[in-house]
Amino acid sequence: MKIYLLRVSTSLLLLASFFSCRSKVEEALNGQWSIDTIIYRQYEIRNCLSVNIISFNRDICDLPITRNRCEGLNEFVRKGMAEVDYNGDSTTPLVLKIFSDNEMFGGTHRMIFRKDDENRLLKMELISDSLYLVCRKGLFDYDNNIDLVNDLIKISH
């Protein structure tokens with residue numbers, strides 16, 4: 001009986017920590033992110049974007065589109081759906097899946113959180129075969145959320 005209770009307790013603890021990680025990541029992801037660097041198919045295209053903001057609101061995301069067929073890029077779809085996947089035992093612990101007809105952003109991306117202590121910013125990198133994106137969280141109180149920042153870094157590495 002004791003072994004059964006120990007297994008149940010351990011399972012519940014693991015499940016609670018999983019949902020705690022999930023809510024921290026999703027909480028941090030929600031909001032606006034300013035794009036500092038965007039390399040698509042080995043070209044820096046930040047100046048090709050109509051805006052340098054990507055926004056997440058629950059599972060909906062607003063994506064930037066290109067302007068004037070810059071670098072031969074077509075205009076893309078602005079809306080998408082986003083989903084975070086957790087692979088705790090993997091070399092890629094956090095994955096962001098964006099479901100969209102937006103050619104640049106649609107697909108699966110490794111998601112890494114970083115902190116910029118010098119500028120007091122939470123940063124996020126999205127990495128896939130064709131996209132490398134570095135962005136910073138807008139309207140984020142870094143000093144009052146330093147524990148969250150440290151947890152995000154731990155979860156994503």
How far does [atom1] of [X] sit from [atom2] of [Y], to the nearest 0.5 angstrom?
X	Y	atom1	atom2	value
Asn57	Asp62	CG	CG	8.5 Å
Ser156	Tyr86	OG	OH	11.0 Å
Ser130	Ile39	OG	CD1	12.0 Å
Arg58	Met81	CZ	CE	12.0 Å
Ile45	Thr37	CD1	OG1	11.5 Å
Lys154	Phe113	NZ	CZ	15.5 Å

So [Y] and [X], do their side chains get closer than 4.5 Å, heavy atoms only?
X	Y	result
Ser55	Trp33	no
Ile155	Pro93	no
Val84	Met111	yes
Asn102	Arg78	no
Phe140	Leu121	no
Lys79	Leu63	no
Ile127	Ile112	yes
Ser50	Thr66	no

Exercise. In chain order, what residues pass the side chain to side chain contact (heavy atoms under 4.5 Å, CB included) check against Asp101, with sequence neighbours excluded?
Worked result: Val77
Is there a continuous path of hydrophobic side-chain contacts, each under 4.5 Å between heavy atoms, that joins [X] to [Y]?
X	Y	value
Tyr40	Tyr43	yes
Met124	Ile153	yes
Ile60	Met104	no

Problem set entry | Check: Leu148 main-chain N/O paired with Asn145 side-chain donor or acceptor under 3.5 Å |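 Not confirmed, Asn145 side chain does not pair with Leu148 backbone.
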Please report the closest heavy-atom contact between [X] and [Y], naming both atoms and the distance.
X	Y	result
Tyr142	Arg120	CB-O, 3.2 Å
Ile54	Pro64	CB-CD, 4.3 Å
Leu152	Lys24	CD2-O, 3.8 Å
Thr92	Val95	CG2-CG2, 3.6 Å

Problem set entry | Of Leu96, Leu126, Leu131, the residue whose pairing with Phe105 passes side-chain contact (heavy atoms from CB on, under 4.5 Å) |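 Among the candidates, only Leu131 passes.
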Problem set entry | Member of Ile98, Leu94, Asp129, Leu133 meeting the side-chain contact (heavy atoms from CB on, under 4.5 Å) criterion with His109 |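 In the set Ile98, Leu94, Asp129, Leu133, the residue that makes a side-chain contact (heavy atoms from CB on, under 4.5 Å) with His109 is Ile98.
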Exercise. Which residue pairs pass the salt bridge (charged side-chain N to carboxylate O under 4.0 Å, His left out) test when at least one of the two sits in residues 106-116, sequence neighbours left out?
Worked result: Arg114-Glu125, Asp116-Lys123
Problem set entry | Pairs flagged by salt bridge (charged side-chain N to carboxylate O under 4.0 Å, His left out) wherever residues 37-47 is involved - sequence neighbours left out |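 Only Arg41-Glu103 qualify under salt bridge (charged side-chain N to carboxylate O under 4.0 Å, His left out).
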Problem set entry | Basic-acidic side-chain contact under 4.0 Å: Arg136, Asp36 |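 Looking at Arg136 and Asp36, the cut-off is met.
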